[in-house]
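In what follows, a single structure is set out as structure tokens and then discussed.
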Amino acid sequence: MTRTPLRVAILVVALTSSALVIAAPSSSTTKQNPATKSEMPVAVSKAMTRFRADEIRAHTRFLSSDLLEGRGPGTRGDDLAMQYIAARFEAMGLKPGAADGTYYQKVPLIGITTDPQRTSVGFEKGGQQNKLTYLEEYVASDQTQAESSSLDSDVVFVGHGVVAPEYNWDDYKGLDVRGKTIVMLVDDPPGSAGEPELFKGKARTYYGRWTYKFEMATRLGAKGAILIHTDDAAGYPWTVVRNSWGRERAYVKVNPGDPALSMAGWVTAPTAAKLMSLAGLDLETVVHQAHSRDFRPIPLNGVRVVGTISNHIRTIDTANVVARLEGSDPKLRDEAVLYTAHHDHLGVGTPKNGDPIYNGAIDNATGCAVLLELARVWADTQPRPKRSIVFAAVAAEEQGLLGSEYYGRHPTVPAGRIALNLNFDSIDEFGKVANVTMLGADRTTFYPTALRVTRAMGIRIDSDLHPEQGSYYRSDHFSLAKVGIPSFSIDPGDEYAGKPKDWGNKQFKDYKENRYHQPSDEFEESWDFSEGAQIAQLGYWIGWEAARTSTLPSWKAGDEFLAARQKSLREAGR
């Protein structure tokens, strides 16, 4: 990846001018939310008046324009987005944050696109094949990073595909799945009358995420893994699966010989029903059996997955765009508060209503716009914070949090010296909110501070509004939590000023059904960017508190990430 200072300098001039032109219709400055002088520190009070909704509007408009072609990882549009963000960081006077002295932390990825013309997948029993229709009945990706892989393996239904000792749950029961294709449900085992909070009840845990299921299948040496999709279990319709998996998928490069799935795929529920019927089984019956601890894997009576997955493979040239504001305290400047948002989306894909560009305006041009506005205000903050502030626009989130995972493994500040990560992913821009969610914040020792700040701003923190979605495990803060960093996203709630109480929830439902991961996620002139400014203000104050706290935040006792935090602190000499 070669990006010269000249190219960045040109972009600083050209794109800064463009942003000012775009922002011209409004020069308003968003007023601070109500808070008494005793509640809001003077430095924060001054900063609050500098947040501008029109700046966020301008960034969102540009990053989601057709010019950027949906910001697919490693594409021209993705490169333009990264250079725009780096140019803005440079114009603000922020230091390059990557280890090589640039703004670009390279993320080495391989892009794999299934070739539907040369790919054929089906179920076979007794010499008879049931060939599946790509995109309509299944999607699949070859994670071995080979040009093609042959499929010919026995099939076993392994229920939810979960091994969770803390819940005394094991769907595999010691079964050797090496060389087999396993079929799984894409959710958590459900609670029961006797154990309503099993796997956190209605809340989705990481055990219910597709990433966990493929990771476990790989670890156990399976040849392939197939997830059974339903809207309720996945939390989104088949169109989202098809749009996300029926195109190029990105993976971190694997070494020869490393375990990898020859087929990581999804099938629709009707397709799964046909598969079970071929084995003389009933889908509804085996799903019911899978809801019990006593469940044992079910071989599908001579059924085999057969066929070939052929791929187009390329090296993806992408990066995390990282900038740094140096802290003022000689003892604390080597520690940091980390702000993140992902700059990628889905690129160009299957047209819908004649439109092939998946612009990703809400997801996540808005989050990047908030990140840039935070960077602008922080760059002008005086006096400087005690700890350093790091801004990272991360890559390939839509491919499985790959950019943030890479940052977690190669942090520009050791994980044990990062006080807090605040992530921004999909800000609706419908106007000011009365409530927010901060999934995971209540699991950290920093939560009392977050509560104090939001209350002072007249905002309520609500619990997960859609716990069945498993949202905590679906955005970049999760990658950083896995290495111990106290991490959470700041997400708008569902109550909007001047709107009926159920209005926000209706907008969320409409977005999920009609725009999420679709070409229709486009910039709209009618959006009210006071919401983005409000979220940025909240993120600033919380970050300001984390930058000056005497004790580094951690996870609460018993939390799944506490051991990683303790390890990171030891490694950092804390």
Side-chain angles (χ1 to χ4, degrees), residues 89 94-108 252 319-340 374-375 378 381 383-394 401-423 438 440-450 476-489 539-574:
F89 285 156
L94 297 173
K95 293 183 177 180
D100 63 358
T102 73
Y103 292 99
Y104 305 99
Q105 181 190 48
K106 299 177 183 178
V107 180
V252 177
N320 298 324
V321 187
V322 187
R324 178 185 177 110
L325 178 71
E326 197 72 13
S328 62
D329 190 310
K331 294 183 178 179
L332 296 179
R333 66 175 48 145
D334 289 337
E335 300 176 353
V337 174
L338 173 64
Y339 290 102
T340 54
L374 278 161
W378 268 116
T381 293
R384 291 288 176 88
K386 292 182 178 181
R387 290 186 173 90
S388 296
I389 310 295
V390 175
F391 307 92
V394 296
L401 317 182
L402 299 183
S404 56
E405 181 179 348
Y406 187 84
Y407 186 92
R409 294 177 180 176
H410 308 277
T412 59
V413 176
R417 293 186 179 274
I418 296 178
L420 195 69
N421 165 235
L422 298 175
N423 185 58
M438 298 183 185
D442 57 334
R443 297 160 57 176
T444 73
T445 59
F446 190 78
Y447 190 54
T449 301
D476 291 302
H477 56 250
F478 174 52
S479 297
L480 303 167
K482 287 197 291 186
V483 297
I485 302 168
S487 306
F488 52 90
S489 290
Y540 179 92
W541 190 352
I542 290 176
W544 188 86
E545 295 287 349
R548 73 188 187 106
T549 182
S550 58
T551 303
L552 285 173
S554 186
W555 297 94
K556 291 180 180 178
D559 193 85
E560 64 183 300
F561 303 119
L562 179 60
R565 183 58 165 175
Q566 292 170 336
K567 180 175 181 288
S568 73
L569 292 171
R570 289 193 301 270
E571 291 175 346
R574 294 287 296 177

Do [X] and [Y] have side chains that approach each other closer than 4.5 Å (heavy atoms only, starting at C-beta)?
X	Y	answer
P553	Y447	no
I542	M438	yes
P486	R565	yes
F561	F478	yes

Which heavy atom of [X] sits nearest a heavy atom of [Y], and at what distance?
X	Y	result
G408	P411	O-CD, 3.5 Å
S568	V483	CB-O, 3.8 Å
A392	L338	CB-CD1, 4.1 Å
L569	G416	CD2-O, 3.4 Å
V322	Q105	CG2-CB, 4.3 Å
L422	G539	CD1-O, 3.6 Å

Requested in this report: Might you work through the side-chain contact (heavy atoms from CB on, under 4.5 Å) test for E560 and R443, ending with a clear yes or no?
Outcome: CA-CA 10 Å; E560 64 183 300; R443 297 160 57 176; 2.8 Å; yes

Query raised in the report: Should the ring pair W378 and Y339 be called parallel, tilted or perpendicular, given that the plane angle runs from 0 to 90° and is split at 30 and 60?
Result: tilted

From [X] [atom1] over to [Y] [atom2], what is the distance, rounded to the nearest 0.5 angstrom?
X	Y	atom1	atom2	value
T444	K556	OG1	NZ	7.0 Å
R384	L325	CZ	CG	4.5 Å
R548	K386	CZ	NZ	7.5 Å
D442	F488	CG	CZ	9.5 Å
R387	L420	CZ	CG	10.0 Å
H477	N421	NE2	CG	8.5 Å

Query raised in the report: Is there a side-chain contact (heavy atoms from CB on, under 4.5 Å) between E545 and T549 once you walk through the steps?
Result: CA-CA 6 Å; E545 295 287 349; T549 182; over 6 Å; no

Report task. Could you tell me which residues satisfy side chain to side chain donor-acceptor pair (under 3.5 Å) with T449, sequence neighbours excluded, listed by chain and number? Result -> none

Report summary line: Contacts of T412 meeting side chain to side chain donor-acceptor pair (under 3.5 Å) (sequence neighbours excluded), chain-then-number -> Y407

Query - Residues V413, V390; criterion side-chain contact (heavy atoms from CB on, under 4.5 Å); working and verdict - result: CA-CA 9 Å; V413 176; V390 175; 4.1 Å; yes

**Report entry** Side-chain donor or acceptor of R333 paired with backbone N/O of G327 under 3.5 Å
**Finding:** yes

Query raised in the report: Is a side-chain donor or acceptor of W555 paired with a backbone partner of G484 at a separation under 3.5 angstrom?
Result: yes

Report task. Using only heavy-atom distances, determine whether the side chains of S487 and N423 contain a donor-acceptor pair under 3.5 Å. Result -> no

